[in-house]
Number of protein chains: 2
Amino acid sequence: MAHTMDRFGFELPLLLAGAFRQLIDELHRRLAEQGHPDLRPAYGFALQAIGPDGATMSEIGRRLGVSKQAATKTVGKLAELGYVDRAPDSADARAVHVTITPRGRDSLRRSAEIFESLRREWVRELGADRVRALEDDLATMTDLAGGVPLHDLPGWLR
Amino acid sequence: MAHTMDRFGFELPLLLAGAFRQLIDELHRRLAEQGHPDLRPAYGFALQAIGPDGATMSEIGRRLGVSKQAATKTVGKLAELGYVDRAPDSADARAVHVTITPRGRDSLRRSAEIFESLRREWVRELGADRVRALEDDLATMTDLAGGVPLHDLPGWLR
DNA sequence: CTATCTTCGACAACCAGGTTGACGATTGAT
DNA sequence: ATCAATCGTCAACCTGGTTGTCGAAGATAG
């Protein structure tokens with residue numbers, strides 16, 4: 001029974017937060033280098049929520065788990081930065097159809113690449129087994145085993 | 001080589017964030033049940049930063065990694081809620097000495113207990129080895145191997 | 001002992017990312 | 001044809017931050 005002393009319970013959230021923070025910070029550092037200096041963490045989630053087929057404001061809000069007002073604001077900034085386009089919805093005169101621009105798609109493509117590269121760094125450091133175990137364990141504890149919803153994520157990243 | 005397909009890189013931050021979120025939400029759910037419904041995540045960090053001997057506004061800001069103005073605001077709310085006291089510093093007429101009230105200490109004690117209990121749940125679910133491995137791996141990747149600083153944590157929790 | 005430099009904390013204005021509430025316009029269901 | 005639900009916007013507000021400015025108080029030189 002090699003019983004190395006257990007860590008304190010409060011360290012667990014701190015470690016999770018620290019690791020998350022580090023990944024997100026590094027992502028944005030690299031995105032900035034690759035021509036996307038204005039992309040904030042929240043924007044990535046929003047783009048993700050819009051999806052390849054576009055979506056309406058309300059739909060984006062629902063997918064993100066925020067109010068449609070909040071979604072409207074975020075989309076407004078995304079539009080100013082050239083990451084999305086807004087157009088009247090052909091099927092519903094009340095609705096606005098939001099689509100991702102080529103620049104937006106470029107940022108998503110690069111984000112995905114950067115995340116893969118970051119994960120490879122974890123694998124180099126910890127080994128593939130440990131990383132998989134870590135992911136599996138986190139998925140277990142969050143009952144997010146299949147598919148991570150965007151809900152409840154934005155807001156507390158910066 | 002049983003090579004179950006690797007997860008996508010972007011899932012890692014999502015899993016970390018989800019797990020963190022879940023722990024913090026559960027902490028505050030239980031704290032609310034135990035007589036601390038007004039304690040927000042940021043306040044716990046601030047109390048932590050004040051410490052058993054108290055601290056000045058600037059010191060709290062430094063420990064938290066935020067401006068002294070931000071620290072002043074948070075301490076103000078903490079004081080309104082009865083978690084801290086402010087008194088003139090005996091050694092420096094410019095400074096304000098902030099101390100934790102008994103109620104504040106109660107909340108810290110309960111938080112520590114809740115975090116221990118939450119960690120025990122992880123151990124029940126995943127096994128002590130996996131939890132230790134997870135903590136060690138996260139500590140490795142965050143070079144937070146020894147002692148987690150409060151710096152850069154507040155702000156992106158809610 | 002005085003002149004200068006730094007630090008302390010407060011005040012004000014601002015930002016990001018949310019919230020609720022109200023509202024006119026449109027849609028869909030009866 | 002009516003009436004309720006939904007669409008997006010506006011306005012006001014909250015939280016947790018930011019900068020800049022400032023007077024008062026301390027530290028350090030000369």
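All heavy atoms count here, side chains included; hydrogens, waters and symmetry mates do not. Every chain is numbered from 1 and lettered A, B, ... according to where its sequence line falls, protein lines coming before strand lines.
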Under 4.0 Å, heavy atom to any atom of DNA chain C: which of residues 87-97 of chain A qualify?
D92(A), A93(A), R94(A)

Euclidean distance, atom CD of residue E59(A) to atom P of dT6(D) [Å, nearest integer]:
13 Å

From CD of Q69(B) over to P of dC22(D), roughly how many Å is that when rounded to an integer?
14 Å

In whole Å, what is the span from the NZ atom of K77(A) to the C1' atom of dG17(C)?
6 Å

Using a cut-off of less than 4.0 Å, is there contact between a side-chain N or O of S58(B) and OP1 or OP2 of dT7(C)?
no

Residue pairs, two or more places apart or on separate chains, that pass ring-ring contact (aromatic ring centres under 6.0 Å, His included) and touch residues 103-130 of chain A
none

Any salt bridge (charged side-chain N to carboxylate O under 4.0 Å, His left out) involving residues 92-108 of chain B? Give me the pairs, sequence neighbours left out, ordered by first then second residue.
D92(B)-R94(B), D106(B)-R109(B), D106(B)-R110(B)

So that I can tick it off, tell me whether R29(A) and E26(A) are bridged by a salt bridge, with the cut-off set at under 4.0 angstrom between side-chain N and carboxylate O.
yes

Establish, with yes or no, whether the OP1 or OP2 oxygen of dG16(D) is under 4.0 angstrom from a side-chain nitrogen or oxygen of R40(B).
yes

In terms of the nearest nucleotide of DNA chain C, which residue is placed more toward the 5' end: K68(A) or Y43(A)?
Y43(A)

What do the steps show when you test E33(A) against R30(A) for salt bridge (Lys or Arg N to Asp or Glu O under 4.0 Å), and what is the final call?
CA-CA 5 Å; E33(A) 273 177 359; R30(A) 297 194 194 178; over 6 Å; no

Below 4.5 Å, heavy atoms only, C-beta onward: do D136(A) and R7(B) meet side chain to side chain?
yes

Side-chain contact check for R62(B): nearest option of dC8(C), dA12(C), dT15(D) is dC8(C)

Testing Q22(A), R21(A), H28(A) one by one against I24(A) for a side chain to side chain contact (heavy atoms under 4.5 Å, CB included), which residue passes?
H28(A)

Distance in Å, T56(B) OG1 paired with D89(B) CG, rounded so as to fall on 0.5 Å steps:
7.5 Å

Closest nucleotide of DNA chain C for T72(B) versus for T74(A): which of these residues is on the 5' side?
T72(B)

Give K73(A) one of three labels, base, sugar-phosphate or nothing, depending on what nucleic acid heavy atoms sit under 4.0 Å from its own.
base

Between P of dG17(C) and CD1 of I24(A), the distance in whole Å:
13 Å

For atom CD of E80(B) and atom C1' of dG16(D), their distance in whole Å:
15 Å

Name the residue closer to the 5' end of DNA chain D, choosing between S67(B) and T56(A) according to the nucleotide with the nearest heavy atom.
T56(A)

